[in-house]
Every structure is written in C-alpha cells, then in structure tokens.
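Convention: sequence-line order gives letters A, B, ...; per-chain numbering from 1.
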Amino acid sequence: MSNVTEKSHAELAAAFNKDEPRVDWHDETLWWVRQKRDIQAHKLPEWELLRETASQIKNNVLSNLSGYLEQFEANAIKNGVVVHWAADAAEHNKIVHQLLTERGINRMVKSKSMLTEECHLNEYLKEQGLDVIDSDLGERIVQLAGEPPSHIVLPCIHKKKEEIGDIFHEHLGSAKGESDPKILTETARQHLREVFLTRRAALTGVNFAIAETGEFVICTNEGNADMGAHLAEIHIASMGLEKIIPERKHLGIFLRLLTRSATGQPITTYSSHFKKPQENKQIHIIIVDNGRSIQLGREDFRNSLKCIRCGACMNTCPVYRKSGGHSYHTAIAGPIGSILAPNLDMKKYADLPFASTLCGSCSNVCPVKIDIHDQLYKWRQVIVKEGYTPTAKTIAMKAMAITLSSPALYRSGGKMGRLVFKYAPFAVNNKLNPWYKHREMPKAPEESFGEWYNKRKEGKK
Amino acid sequence: MSREKILAAVKSNQFSHAELPNVDILDALTASDVSQVKQYTTVATAGGSFVYEVSDFDAIKTILHKEFKAGVKIISGIKELDEYTYAGNVVDELAHSFADVELTILRSFLGVAENGALWLTETQMNVRVLPFISQHLAIVIHQDDLVPAMGQAYAKIGNADYGYGAFISGPSKTADIEQSLVIGAQGPRSLSVFILTT
Ligand code: SF4
C-alpha cells in the first residue's frame with residue numbers, strides 16, 4: 001500500500017477526472033457530509049465560542065508542549081502504562097516490531113491510526129513477515145484493495161459499493177455481484193470478529209492524550225478499537241506528540257467539536273478513555289515526533305499542529321472533492337495534509353500547497369480555527385523561494401494572484417479570458433497553462449457571472 | 001535516547017507562554033434546570049438507540065422478556081435484574097468467553113442529553129469487553145442522572161479514578177460503504193436505554 005509516487009497532484013487529479021460521473025458522485029457525497037456538519041454546528045449557538053476556546057487550548061498546549069508531554073508521561077507511568085518515544089517513522093515501526101516479536105506474536109489487529117499510515121507501518125511489518133489486519137471497515141476495504149485510505153475519516157469514500165462487493169467476493173467470500181451495504185458490512189463483521197478473537201496484539205491510534213491524568217481517548221463509531229484492545233494481551237497506542245490536551249475537562253470541548261465537524265453526528269458511538277491496563281495485560285504508548293517538533297518551530301505553520309483530524313477541511317474543499325484523496329500522494333490528503341506534508345519533504349510535496357483555490361472554506365469550518373488557507377499561501381512562498389515549483393505554474397500563479405487581489409482586474413481579466421477561449425483556443429491550451437493539462441478547456445460562457453449579475457440587477461431596477 | 005532529543009527539540013521550538021482559556025463560560029451557556037429526558041430521547045433515538053421510559057425494574061423485565069427469547073445468553077450487571085447471569089460473578093472469566101453473549105445489561109449513572117451518550121466505567125461494565133462483544137446492549141439510567149451537555153458531564157466525572165471508561169451513544173455503526181448508514185458494525189447491533197423515572 002505504498003504512497004510512493006513520482007506523479008504530481010495535477011497529474012493524479014487529471015487521472016481521477018477522466019471518469020466524470022464518478023467525480024460528480026465523489027463531489028456530491030462529500031458535500032453532503034459537509035452539509036451534515038453545518039446542521040450540527042448551527043444547532044449550537046455557542047459554536048463559534050467552542051471553536052475559539054478549542055483553538056486557545058491548543059495554543060496553550062503548543063506553548064508548553066514539552067512540559068505537558070513530561071506530565072503526561074509521568075502520569076501514564078503511574079497508571080501502569082509503558083511509554084516509548086520515537087523520533088521518526090523508522091523508530092516507531094521498530095518499537096512496534098520489537099514489542100510483537102519479543103512476545104512471539106506475528107499477527108496484529110489495528111484500528112484507525114493515520115499516524116501508522118504516515119509511518120507506513122503495515123508495509124514495514126509485512127516486510128518483516130508480520131501480518132496486520134485493519135479493523136475499521138473502510139480501512140479494511142482499502143487494505144484488501146491494496147490501496148491507502150483516501151480520506152482520514154472516510155477511508156474508502158472513493159469506492160463504489162459494487163467495487164467493494166467485488167473485493168469482498170474475492171477475499172471474504174461474499175456472493176458474486178452482492179453490493180448491498182448491509183450485507184457487505186455483515187460479511188466484514190463476521191470476518192473481523194474472528195480476527196478480534198484470535199489476535200494477541202492490538203494497535204490503536206489516539207485522539208486525545210490528557211496530561212493531567214495520563215489517560216488517552218479513542219473515538220470510533222464501529223467499536224473496533226475497543227474490540228481489539230480489550231481482547232488482546234498487549235495494546236499498543238501510537239500517538240503524534242501534538243495529541244496532548246491539558247486537563248480531562250477539556251475533553252468536554254473537543255468531543256463536542258470533533259464528530260460534529262467530522263460526520264455531522266453529535267458524538268461518535270464510542271469515546272473510550274484508557275487509563276490503566278487490565279489485570280495481566282499491558283498498554284504501551286508510543287509518542288512520535290516525525291517532524292512535528294520542526295513544524296512547531298516554523299512560526300507560520302505551527303498552528304497546523306492543532307489539527308484534531310476531523311476531515312472537515314477535506315469535505316468542504318472544492319479541489320479535494322474533485323480530485324480525490326489519492327491525488328495528494330501523502331497519508332493525510334486535502335488542505336491540512338498539504339500543509340503537513342511539505343514540512344516532511346518540501347521537494348516531494350512542493351505541488352501540494354498549490355492544490356488549492358485558497359477560497360478559505362477550510363479555515364471557516366476548521367473546529368480548532370487553523371488558518372489553513374493562509375498557511376497554504378505561505379507555503380507557496382516558501383516553496384517558490386526554495387526553487388521547487390515548476391516554472392509554468394509559477395507564471396500562471398503570479399497572474400492569478402494579481403487578478404484575484406484586484407476586483408477591477410478580475411472583471412476585465414474574465415472578459416479577456418473569454419475572448420481568448422472563444423477565438424484563440426491555442427493561446428490558452430499552451431504549455432504555460434497548467435490548468436489545461438489532460439482536460440478539455442471548458443466552453444466559454446456567453447457572459448461572465450459578473451456581467452450576468454449586473455444585467456440582472458439593472459433589469460430589476 | 002530519543003526521549004531527551006525529542007523533548008529538547010520541542011522545548012527549543014515552542015513559543016512564549018499562551019494562557020489557557022476559561023471554559024466555565026461555555027458550561028454556563030449549556031447549563032439547564034429542566035428535565036433532560038425529552039432532549040435525551042430525541043437525540044439518542046436519532047442516533048439509533050431505542051429509548052424507554054420505565055417506572056421500575058419490573059417494567060424493564062417485561063420489555064426484555066418480550067424482546068429476547070428465553071434461553072439466549074444474557075449477562076446482567078444489575079442486581080435487580082437477577083434472573084440472568086450476574087456480571088460480577090464472571091469477571092475472572094477469559095474475555096473471549098463472552099463471544100456468544102446475546103445481551104448485556106449495564107447500569108450508567110451519567111447521561112448526556114446533547115448527544116445521547118452514557119458514561120460507564122469499568123466498575124459498571126464489570127468486564128471491559130462486555131459492552132462491545134455482546135450482540136445487543138441495554139443500559140439503565142435514572143432520569144436525574146441526565147445532564148445537558150459534555151461540560152456538565154466532565155464536571156460530574158471530576159477527577160474520578162478509573163482504569164477505563166467510555167461514553168456510549170448508540171449501537172455500533174458505520175457508513176463506510178457509500179455513506180449508507182448500517183447499524184451493527186463490529187460492536188452491538190442495538191442499544192436499548194431504559195430511563196427510570198421514579
Ligand atoms: S485542519 Fe481543522 S478541519 Fe482539517 S482535519 Fe484538522 S481539525 Fe479538521
């Protein structure tokens with residue numbers, strides 16, 4: 001399930017865009033999730049205060065992260081939990097491997113953890129001859145398909161039920177042609193139950209780690225994290241070091257925001273608080289840096305560490321909805337992924353901050369008020385300065401930045417643009433226009449939105 | 001040791017101190033003195049739970065007799081519902097042995113009206129895996145134990161010491177296949193909530 005690719009976002013998006021009805025379906029499904037989020041948010045008159053409070057709590061966390069990490073560690077140890085530290089993905093994977101092999105375990109069940117996607121844990125363990133089964137339904141589906149998740153909350157949002165039916169027929173023995181979500185879910189349930197009952201080790205992610213108590217919280221709708229963790233002898237919880245919140249009562253803020261923003265539910269079915277291991281069992285926490293401490297030092301980008309991985313910025317993003325999660329060629333797709341990835345490898349992910357219209361919709365929905373689109377804009381500047389952008393994109397971008405910043409120019413620019421489309425298609429279909437690649441230029445409308453709107457206004461007078 | 005390296009890197013990169021905000025304002029905004037039963041029922045029902053208002057444990061028994069055939073494996077963590085295997089008596093059994101449990105009935109002392117969630121710690125669960133491995137789950141709560149929102153819930157939890165605790169707000173579910181909601185993913189296929197009103 002490697003993400004490794006040499007293709008850019010634009011090229012991968014172009015491939016995704018070949019199947020137009022699928023793009024429309026993808027677009028509409030995610031927009032529907034965004035609308036569900038809106039309904040929940042609008043039900044709470046205090047929504048904006050909640051977001052602001054969450055953002056400030058995270059600000060406080062980032063300003064004293066080392067202190068909180070030490071406090072969390074000390075309390076977790078007091079609770080009987082073993083704490084490990086991993087500077088990077090390789091160290092994280094090695095720790096997991098060792099915890100398993102020293103117990104003679106060669107099969108593990110895993111619930112959703114974007115961190116382990118980031119670390120490519122599954123591939124690593126497979127190379128070592130260990131078997132990992134993802135127990136979140138969406139993750140199991142993409143795992144069987146040999147693909148990475150395309151969305152952090154909805155891992156197989158890009159897949160049609162018929163395709164899932166085919167995958168289940170091949171791997172889990174469901175009837176050929178069966179595509180009823182109920183029957184497919186039941187098929188997975190039977191399969192995963194057997195997995196839960198036979199695995200001695202379970203790995204989970206962490207949504208929140210509480211410094212004050214040393215406990216950590218995992219949120220799922222399926223109950224898969226709990227099934228795995230409670231039945232296994234050893235529960236390994238992998239967490240990015242930014243998952244810290246100061247006090248237990250702050251969960252009251254974050255749990256109110258997380259699922260409303262993610263799927264438009266008031267809360268997940270399960271919000272599980274793990275504090276101490278069960279008798280004769282073990283809990284191990286791995287605290288992972290993997291570039292986070294560097295991001296903390298980048299003043300313009302440190303706010304990205306506030307992210308609680310709700311996925312709202314993806315659901316709302318017009319580029320994400322129309323290009324699909326895999327076009328971002330990194331574990332965390334969408335607007336937030338495009339801020340996080342260049343921190344890890346500026347050259348490889350130089351294209352991602354450009355995969356945005358900078359419309360700001362992401363920043364408007366973000367429950368912890370990350371200035372996502374500003375950061376994308378700032379990354380562009382850094383990347384251009386470091387010399388990582390393709391020239392064609394640079395020229396077009398510059399022209400666009402100027403027109404967008406001036407309403408007057410935007411209007412005439414549109415008019416001229418339309419004339420060019422109509423009478424000289426070759427002028428825009430040239431190599432300098434990155435938006436043209438692999439796709440038909442849209443037919444120029446007879447009048448622009450501005451003209452139409454002005455006419456309409458005049459007609460009304 | 002990576003620990004020292006990581007902590008040093010974090011320390012040198014974190015910025016000047018930012019104060020924690022006051023969260024009491026939010027709790028004051030959601031506080032309410034009226035009964036939360038109606039709100040709880042509306043939200044929990046929307047989340048896929050079956051909610052019953054009952055006057056006593058006999059009423060619960062009647063409903064359970066109707067809903068579950070005699071002879072299926074039922075475990076009860078509630079002394080008053082004594083015709084079933086008492087959870088307190090099986091805590092030492094292997095967690096895997098509960099794989100064939102049809103119904104588990106547990107007690108909660110804290111419920112949240114804004115999202116339908118019920119708080120249970122290991123003490124009420126008896127065995128951590130029970131509320132997850134059971135095919136069906138029923139939870140009993142008194143109406144006076146319902147609070148309006150999560151702020152009040154955590155105020156009530158306070159600094160309680162537990163090994164494990166969970167908010168459970170409905171049956172296990174998924175919408176991973178084309179966003180169509182399916183009840184009964186990896187955990188219980190149903191959640192029945194009995195609200196004691198007397
Ligand atoms: S950046 Fe904000 S909106 Fe996007 S996933 Fe993170 S918390 Fe959610």
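Surrounding CG of Asn22(B) are more than 12 heavy atoms belonging to other residues, nucleotides or ligands, all under 6.0 Å away.
Neither the backbone nor the side chain of Ala175(B) comes within contact range of chain A; no heavy atom of the residue lies under 4.5 Å from a heavy atom of that chain. Neither the backbone nor the side chain of Ile218(A) comes within contact range of chain B; no heavy atom of the residue lies under 4.5 Å from a heavy atom of that chain. Residue Ser49(B) does not touch chain A at all, counting heavy-atom pairs closer than 4.5 Å. Using a 4.5 Å cut-off between heavy atoms, Glu73(A) contacts chain B through its side chain alone, with no backbone atom that close. With a 4.5 Å cut-off on non-hydrogen atoms, Arg298(A) does not touch chain B at all. The contact between Ser135(A) and chain B is made entirely by backbone atoms, counting heavy-atom distances below 4.5 Å. In this structure, the portion of Val182(B) lying under 4.5 Å from any heavy atom of chain A is its side chain and not its backbone. Of the atoms belonging to Glu46(A), heavy atoms from both backbone and side chain fall under 4.5 Å from chain B. For chain B, the nearby parts of Ile57(A) are the backbone and the side chain; heavy atoms of each come within less than 4.5 Å. Within the 4.5 angstrom heavy-atom criterion, atoms from both the backbone and the side chain of Lys160(A) approach chain B.
Paired with Tyr270(A) under the rule ring pair (Phe, Tyr, Trp, His ring centres under 6.0 Å), one option of Phe167(B), Phe132(B), Tyr164(B), Trp119(B) passes, and it is Phe132(B). The only member of Lys276(A), Arg248(A), His273(A) that meets side chain to side chain donor-acceptor pair (under 3.5 Å) when paired with Glu215(A) is Arg248(A).
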Mind running ring-ring contact (aromatic ring centres under 6.0 Å, His included) on Phe168(A) and His191(A) for me, showing each step along the way?
CA-CA 10 Å; Phe168(A) 278 23; His191(A) 155 66; 8.1 Å; no
